[in-house]
Amino acid sequence: QVQLVESGGGLVQAGGSLRLSCAASGRTFSSSDMGWFRQAPGKEREFVAAINWSGNTAYADFVKGRFTISRDNAKITVYLQMNSLKPEDTAVYYCAVRQGGSWIVVFRRVPEYDYWGQGTQVTVSS
C-alpha cells in the first residue's frame, strides 16, 4: 500500500521559515517525480514546486526565490524549504508523487500526479 506522510507544518510569523518533509513508502519511488501543492480555504489546489527524477525543478511564480524543493532518493523523501513566508502562503500543503519519472519535463498539474499525502497545515500570521 502506497503511503505519503507529510510533516513539518505549523504556525509561523510572517518572514519566518518552515521545512516540510514527505516520506514515501509502499513501492519504489526513487525514480518518480515528486511535487508539492497547496490548497487554501475556498480555493482550488495549486502547484507550488516539483522535482523530477533527474533533479530538474520547477516553481510557481509566487514562491520563486523563497521556496526550495529537494529530494533524498535513498530515503525516498522530498523536502520543501520555505523561507520569507507570507500570510498568503497559509494553506494545507500536499505532497504528491507520479508513478513515472521524467528526465526533462517537470510536471505541474494536479491530474499528472498519482499519489497524494494527507496534507499538513501551514499558517503564517501577520
Side-chain angles (χ1 to χ4, degrees):
Q1 184 175 354
V2 174
Q3 268 197 317
L4 300 178
V5 180
E6 298 121 332
S7 60
L11 174 64
V12 65
Q13 288 188 333
S17 298
L18 285 173
R19 188 192 194 206
L20 305 183
S21 300
C22 173
S25 62
R27 57 160 287 164
T28 302
F29 284 122
S30 59
S31 59
S32 297
D33 302 341
M34 307 180 82
W36 288 96
F37 293 75
R38 71 185 187 185
Q39 188 166 17
K43 295 188 177 181
E44 292 187 351
R45 191 167 299 189
E46 63 181 355
F47 170 76
V48 175
I51 183 167
N52 70 6
W53 173 59
S54 67
N56 293 330
T57 59
Y59 297 92
D61 287 343
F62 53 76
V63 303
K64 282 183 180 177
R66 300 189 297 126
F67 292 9
T68 303
I69 189 170
S70 60
R71 63 189 293 164
D72 183 333
N73 287 337
K75 296 181 179 179
I76 321 299
T77 300
V78 62
Y79 304 97
L80 185 67
Q81 178 66 44
M82 305 187 294
N83 299 328
S84 303
L85 282 161
K86 305 175 181 180
E88 51 263 44
D89 293 319
T90 295
V92 177
Y93 283 70
Y94 295 91
C95 168
V97 177
R98 294 185 68 244
Q99 283 187 337
S102 171
W103 185 251
I104 297 177
V105 176
V106 183
F107 293 91
R108 302 169 179 245
R109 295 172 57 240
V110 169
E112 292 168 332
Y113 286 80
D114 303 292
Y115 303 102
W116 293 84
Q118 81 287 352
T120 184
Q121 177 70 47
V122 171
T123 303
V124 184
S125 63
S126 57

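Along the sequence shown, the residues carry numbers beginning at 1. Every heavy atom of this structure was used, including side-chain atoms; hydrogens, water molecules and symmetry mates were not.
Side chain to side chain, Asn83 and Ser17 meet the donor-acceptor criterion of an N or O pair below 3.5 Å. With no hydrogens or angles considered, a side-chain donor-acceptor pair links Tyr115 and Gln99 at under 3.5 Å.
Side-chain N or O atoms of Thr77 include one that pairs as donor or acceptor with a backbone N or O of Lys75 at under 3.5 Å.
Residues Val78 and Ile69 form a side-chain contact, since some pair of their non-hydrogen atoms from C-beta on lies under 4.5 Å apart. Two residues are said to be in side-chain contact when any heavy atoms from C-beta on lie closer than 4.5 Å; Asn52 and Trp103 fail this criterion. Under the 4.5 Å side-chain criterion, counting only non-hydrogen atoms from C-beta, Thr68 is in contact with Tyr59. The side-chain heavy atoms of Tyr79 and Asp72, taken from C-beta on, include a pair separated by under 4.5 Å. The side-chain heavy atoms of Asp33 and Val106, taken from C-beta on, include no pair separated by under 4.5 Å. At least one side-chain heavy atom of Leu80 sits under 4.5 Å from a side-chain heavy atom of Val48. The shortest side-chain heavy-atom distance between Trp116 and Val2 does not fall under the 4.5 Å cut-off.
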Enumerate, atom names and distances included, each donor-acceptor pair closer than 3.5 Å involving a side-chain atom of residues 119-126, sequence neighbours excluded.
unit_1 : atom_1 : unit_2 : atom_2 : d
Thr120 : OG1    : Gly9   : N      : 3.3
Gln121 : NE2    : Ala91  : O      : 3.4
Gln121 : NE2    : Thr123 : OG1    : 3.3

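With rounding to the nearest 0.5 angstrom, the CD1 atom of Ile51 is 8.0 Å from the CG atom of Asn73. How far CD of Gln3 is from SG of Cys22: 10.5 Å, rounded to the nearest 0.5 Å. Between Asn56 atom CG and Ser102 atom OG the span is 7.5 Å, to the nearest 0.5 Å.
A cation-pi contact links Arg98 to Phe107, judged by a cut-off of 6.0 Å to the six-membered ring centre and 45° from its axis.
Residue pairs meeting the side-chain hydrogen bond (donor to acceptor under 3.5 Å, both in side chains) criterion with at least one partner in residues 40-49, sequence neighbours excluded, are Arg38-Glu46, Gln39-Arg45. For the side-chain hydrogen bond (donor to acceptor under 3.5 Å, both in side chains) condition, the pairs that include at least one residue of residues 5-15, sequence neighbours left out, are Glu6-Gln118.
A distance of 6.0 Å or more separates the ring centres of Phe47 and Trp36.
For Lys86 and Asp89, the salt-bridge test fails: no basic side-chain N is under 4.0 Å from an acidic carboxylate O.
Note on ring orientation: taking the six-membered ring where Trp is involved, the planes of Tyr93 and Phe67 are tilted (angle from 30° to 60°).
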